[in-house]
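Have a look at the structure below, then the notes.
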Amino acid sequence: MKNIFIILLAFLSPPFLYGVNVGMDSLKQEKVYVHMDKPFYLVGDTIWMKGYLVDMRTHREQDARSRFLYVELISDKDKVLLRKKIMEENGIFRNFFSLEDDIPEGRYMLRAYTNFMRNADESFFYTRQFAVYKDTESLLMLKVRYEKEKENRCLIATLLRHDGEPYSKKNVEYMVRTKESNNKVFVGRTNLAGEIRISLPPRQELSQYVELTLKDNGLHITRKVEIPDVYDYHVGFYPEGGYLLSGVEQVVAFKSESTTGVASHIRGCVMNSSGDTLATFQSEHEGIGSFLLSATDGDSLYASVSDGTGQEKRFKLPLVVSDRVALSVIQDDSLIHYRLCVPFAYILEEELVLLAHVRGQVVHRSHISAEELTGVIPKREIPEGIVHFTVFNAAEEALTERLVFVRHHSPLFQMSVSGSPTESGSLMKLGVRLLDAGFSPLQGNFSVSITDNYRVQPDPYDENIRSSLLLTSDLQGDISTPGYYFDNDTSTSDRHLDQLMLTHGWTRFQSRALLHPRLSGNPLWQPERTQVISGDLVGLFKSFGRKKVEMTVAIPKYGRLETLKTDREGHFCITHDFPDMTGFIITPSRKKAQHYKIRLKEDTYPSVSRLLWKPMVRAEVASEYLYEVDNKTVGGMKVYQLPEVTVQGEHADLDYFYRSISATYLEQRSAENALELLNEIPEICTYRVRKYSFSEKAWVYTGERHIGLFEHETFIQGYMTESEKYSSVVPGNPLHPDRSQRDYKFSQGDASMKKLKGIAPFDERCARANVYVDGLKVEDEDNLKRIKASDVSSVDLSVTSGTVDDEAFLHSAWKDEEPGDELAEKDERHGIHITTSRLNRGRFVESLPHLVRVVPLGYAEQAEFYAPKYLTPDSRKNIGSDMRSTVHWIPVLPLNDEGEAVFSFYTADRPSSYTVVIEGITTQGKVCRFVRTIK
């Protein structure tokens with residue numbers, strides 16, 4: 001039984017700038033991790049996912065307060081393609097994404113957050129990049145090279161068929177991204193070798209790419225080419241404690257970064273101004289390393305560096321100072337040893353305070369003086385994770401800082417296996433047990449993924465639950481191989497992890513606030529416990545003595561009808577627990593309801609910015625797997641995949657013309673909503689409606705605007721014939737003229753449709769057309785303003801030639817018997833078809849000012865992972881149809897009081913080996929991961 005609750009919106013919380021007045025409440029944040037069933041996917045796959053929401057400090061799920069988790073699928077164009085709101089059920093967040101045909105091959109980012117997390121920096125939302133691949137039998141293969149062209153570069157793309165034959169003399173529509181929007185779309189033509197040359201502008205701040213579309217006999221294939229930076233690299237040097245001190249031997253860490261995003265292996269030496277070599281070094285892991293250095297006050301130090309390509313460069317080191325201090329920290333198996341380093345001539349006259357915290361929890365506080373510069377801290381007193389050490393003076397100024405990662409023994413997983421993955425369609429049983437360091441059973445929340453190693457090769461260095469919650473969620477900047485530091489607990493990986501601590505910054509916490517913790521004001525975003533629809537009713541309210549107004553809320557899908565009253569200010573709030581795609585109808589209950597207007601508070605979502613994209617690298621065994629599934633689906637059912645094509649042009653039998661507006665063209669428009677977007681399409685016209693006024697004895701505008709299509713001779717494949725001024729498209733020129741060149745459009749207000757003939761400037765003629773959104777006919781075109789332009793995935797135009805000529809049609813469209821008649825019914829021969837993206841498809845419903853229809857984002861309903869059962873020998877004979885790459889997925893693994901669980905599944909058709917990954921969190925907040933290969 002679904003419930004709806006009506007409450008009054010008594011007051012609105014005042015805005016709170018998070019991080020300005022930091023206190024105890026502000027440190028009570030949340031973290032998210034999402035366990036995905038495998039590291040990469042194919043078009044048509046399903047992403048199975050399990051969310052772990054924990055308190056930022058304790059890492060315990062029971063301490064997190066939000067009940068709803070938002071998960072988004074984002075393309076490498078920084079556009080949200082899919083969004084789900086996952087509701088917690090019995091402490092569990094689980095759901096899925098379907099990768100349908102509208103998800104092309106490419107790089108994608110999974111982003112997860114709660115509304116409460118929006119109080120902090122969005123860079124601490126959970127993100128994970130992964131790849132989606134398509135089959136290898138592509139109809140278009142691209143070969144790309146670059147050449148120098150005067151001051152700029154030139155991209156030469158060779159377009160080939162799958163058999164290697166070139167696409168010769170074919171039209172190619174392309175766009176070079178140099179700004180966020182309004183990038184021009186050009187048309188070119190390949191030469192006999194299938195090549196097309198595209199000039200590249202100078203490098204911009206934002207990432208650049210070329211998007212090109214091949215047009216060949218109705219076949220439209222789009223490909224995206226990332227434009228790499230011209231290779232260069234930089235090396236940064238980071239003395240331990242933040243300063244390079246005179247006369248003190250210190251650890252200096254360094255990090256090499258290249259413009260390509262791939263770390264460079266480097267080696268080099270540090271020299272002073274006299275040319276003396278003070279130290280030599282080379283990188284150890286991901287361009288990071290460290291060395292010991294002792295410098296003298298006044299030295300001007302530089303490093304002479306050579307990378308793997310032999311390119312030599314010089315970099316300056318930080319200045320050597322004698323008026324600062326630096327904190328040095330080392331650790332052994334049981335203790336952390338710290339030492340405050342001071343230059344030889346430096347006199348420490350005041351007592352300092354050393355503060356250490358882990359995720360905002362103070363774990364150590366002591367005093368440092370000239371007589372006692374060193375100390376030790378038992379590691380057993382410190383939770384696992386990053387320890388942030390800060391030394392303060394009496395004025396509470398931070399003098400030096402140091403990050404250290406503390407490890408603890410992970411809980412012990414034991415596993416027993418019955419059965420073998422080498423037997424097709426056979427039953428396998430697995431038993432697991434979870435114990436602590438003292439071999440006592442543990443309880444917690446866990447999920448299991450089992451994948452076929454032939455089809456999916458897990459990357460041990462990729463992000464996992466331990467690297468995410470313990471490392472990357474608390475560090476600023478990108479970490480290329482986070483899983484590496486947790487794959488093997490060795491002295492080498494410990495050294496590399498400490499070097500990582502020395503080279504990365506810290507932004508989540510302000511240590512100074514921990515000196516005097518205090519309660520702070522209410523944050524802007526509260527933990528979301530229920531789903532809310534809120535707004536204001538405006539209209540017949542008097543200045544004094546406002547009364548509460550009764551409103552009606554209908555939920556047709558569930559046959560529910562409820563009433564509520566606003567407060568005296570007209571505010572109302574509806575709470576409910578209905579799933580996604582549930583429609584609500586809200587209206588005042590009074591007879592004069594039309595005199596009111598409802599203003600709903602629109603749901604908002606975080607913008608997409610500052611995402612760190614890595615180059616797309618094909619998985620090691622993906623090519624073999626892709627080849628095998630060319631004619632087979634991934635989900636377990638045998639199908640035959642035909643290449644998807646878009647056919648455009650004239651249909652001889654139905655006698656109509658069809659035009660699909662380029663998706664690239666739509667993406668590059670700067671329109672805010674769908675109505676503005678239509679107005680930027682050259683083939684679409686808008687005009688103002690007029691009526692004859694007997695009192696004024698003149699034609700007056702009603703304020704309405706209608707949408708139509710320009711009458712043209714024909715639509716030809718890929719293009720629409722326009723007036724003689726734009727009768728052809730010259731390769732190399734923009735596909736569509738700029739709006740400034742089309743000032744004859746009626747929306748510009750320079751002209752209005754004439755009585756009877758309706759002839760527009762330049763002999764363009766506009767006929768009103770039906771507008772459809774996802775197949776739903778739009779009655780009031782102003783409602784198109786409610787659709788964001790970014791939610792429009794395609795616009796298709798259809799014009800039936802009919803049996804009447806244009807002049808006769810335009811005469812019939814306007815009644816000329818009596819003045820005052822409006823434009824007649826929409827011409828059923830003309831249609832503008834808008835298809836919205838899956839992100840908000842089905843949410844467009846028309847409303848009146850006093851009667852609002854809304855389909856808000858509700859919680860996503862769950863689905864179960866399909867696990868076939870081969871119960872008889874005959875059921876195992878259909879070998880070749882079970883192509884599961886994820887052999888089994890368990891979002892909830894219940895453990896008994898002994899910390900044990902048993903589960904079973906049937907193997908897939910191909911004899912192989914399997915990888916079992918178990919991730920989760922104990923009730924005490926211990927982050928766990930277990931990986932085992934079954935052969």
Side-chain angles (χ1 to χ4, degrees), residues 1-4 30 32-38 41 44-54 61-62 64 66-73 80-100 103 110-115 126 128 130 444-451 465 528-532 555 557-558 575-583 603 605 634-637 838-843 855-869 884-895 901 903-905 917-921:
M1 175 68 69
K2 305 295 180 184
N3 297 310
I4 181 169
E30 295 173 334
V32 172
Y33 171 76
V34 179
H35 181 189
M36 300 167 64
D37 62 306
K38 54 188 175 185
Y41 296 87
D45 268 355
T46 297
I47 300 175
W48 298 100
M49 53 191 177
K50 162 78 172 290
Y52 292 89
L53 178 64
V54 300
E61 293 179 287
Q62 59 267 34
S66 295
R67 190 173 171 231
F68 295 94
L69 176 66
Y70 294 84
V71 183
E72 298 168 339
L73 181 68
V80 178
L81 303 181
L82 300 174
R83 178 184 292 117
K84 284 195 173 184
K85 179 162 65 172
I86 305 176
M87 182 173 66
E88 170 266 326
E89 293 187 16
N90 300 318
I92 306 299
F93 297 89
R94 63 187 181 101
N95 217 267
F96 66 95
F97 276 135
S98 296
L99 300 178
E100 298 178 6
I103 306 296
L110 191 81
R111 183 171 77 165
Y113 57 90
T114 65
N115 270 341
Y126 175 77
R128 179 171 181 174
F130 63 95
N445 180 14
F446 302 92
S447 50
V448 182
S449 172
I450 304 175
T451 53
I465 190 169
E528 189 176 11
R529 300 295 301 171
T530 185
Q531 300 180 115
V532 174
I555 307 98
K557 184 176 180 179
Y558 295 98
T575 66
H576 68 92
D577 64 350
F578 289 100
D580 196 22
M581 303 312 298
T582 298
D603 291 333
Y605 304 97
V634 185
M637 182 181 298
R838 266 205 293 158
L839 177 66
N840 287 311
R841 188 172 300 166
R843 301 193 191 280
V855 185
L857 180 67
Y859 70 83
E861 296 185 283
Q862 298 178 2
E864 297 298 324
F865 177 80
Y866 170 69
K869 296 181 179 180
R884 285 173 292 157
S885 54
T886 299
V887 181
H888 201 52
W889 167 253
I890 305 175
V892 183
L893 181 66
L895 302 178
F903 57 92
S904 61
F905 61 93
V917 177
I918 303 177
E919 293 189 329
I921 302 171

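Nothing here was measured: the structure is a model prediction, and the numbers come from that model.
- Residues that satisfy the side-chain contact (heavy atoms from CB on, under 4.5 Å) test with E61, not counting sequence neighbours, are Y52, V54, N445, I921.
- Under a 3.5 Å cut-off, the side chain of E89 and the backbone N or O of I92 do not form any donor-acceptor pair.
- Partner H35 forms a ring pair (Phe, Tyr, Trp, His ring centres under 6.0 Å) with one of W889, F446, F93, W48 and no other, that one being W889.
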- Task: Might you work through the side chain to side chain contact (heavy atoms under 4.5 Å, CB included) test for D37 and T451, ending with a clear yes or no?
- Result: CA-CA 8 Å; D37 62 306; T451 53; 5.8 Å; no
- Message: I'd like to know whether F130 forms a ring pair (Phe, Tyr, Trp, His ring centres under 6.0 Å) with Y41, so could you lay out the CA-CA distance, the side-chain angles of the two residues, the decisive distance to 0.1 Å, and finally the verdict.
- Response: CA-CA 8 Å; F130 63 95; Y41 296 87; 5.6 Å; yes
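- A donor-acceptor contact shorter than 3.5 Å is absent between the side chain of Q62 and the backbone of A64.
- Contact check for Q531 versus P856: no side-chain heavy atoms found under the 4.5 Å cut-off.
- With a 4.5 Å cut-off on side-chain heavy atoms, N95 and V71 do not count as touching.
- Of all the heavy atoms in A901 and P894, the pair that sits closest is CB-O, 3.2 Å.
- Every salt bridge (charged side-chain N to carboxylate O under 4.0 Å, His left out) that E72 has, sequence neighbours left out, goes to R83, R111.
- The shortest side-chain heavy-atom distance between S447 and R94 does not fall under the 4.5 Å cut-off.
- Between the side chain of K85 and the main chain of L857, a donor-acceptor pair closer than 3.5 Å is present.
- In this structure, NZ in K38 is found 3.5 Å from CG in D45, a value given to the nearest 0.5 Å.
- Without hydrogens or angle criteria, E528 side chain to N115 main chain gives no donor-acceptor distance under 3.5 Å.
- Residues V80 and L839 share a closest heavy-atom pair of O-CD2, 3.6 Å.
- Here the CE-NZ distance, from M36 to K50, works out to 15.0 Å after rounding to the nearest 0.5 Å.
- Side chain of K557 to backbone of G583: no donor-acceptor contact under 3.5 angstrom is found.
- When all heavy atoms of A112 and L69 are compared, the pair lying nearest together is CB-CD1, 4.4 Å.
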- Query: Should T886 and F865 be marked as a side chain to side chain contact (heavy atoms under 4.5 Å, CB included) after you check the CA-CA gap, both sets of side-chain angles, and the distance that decides it?
  - Reply: CA-CA 10 Å; T886 299; F865 177 80; 4.0 Å; yes
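- Within the 4.5 Å cutoff, the side chain of F903 has heavy atoms near those of the I450 side chain.
- From F68, atom CZ reaches atom CD1 of I86 across 11.5 Å, with rounding to the nearest 0.5 Å.
- Considering only heavy atoms from C-beta on, L73 comes within 4.5 Å of L99 through its side chain.
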- List the steps, then state whether side chain to side chain contact (heavy atoms under 4.5 Å, CB included) holds for R838 with I103. CA-CA 10 Å; R838 266 205 293 158; I103 306 296; 3.7 Å; yes
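- Atom CE of M87 sits about 4.5 Å away from atom OH of Y859, to the nearest 0.5 Å.
- Here the CG-CD distance, from L81 to E100, works out to 12.0 Å after rounding to the nearest 0.5 Å.
- Between atom CZ of residue F96 and atom CD of residue E861 there is a gap of 9.0 Å, rounded to the nearest 0.5 Å.
- Of all non-hydrogen atoms in K84 and A860, the two that sit nearest each other are CD-CB, 3.8 Å.
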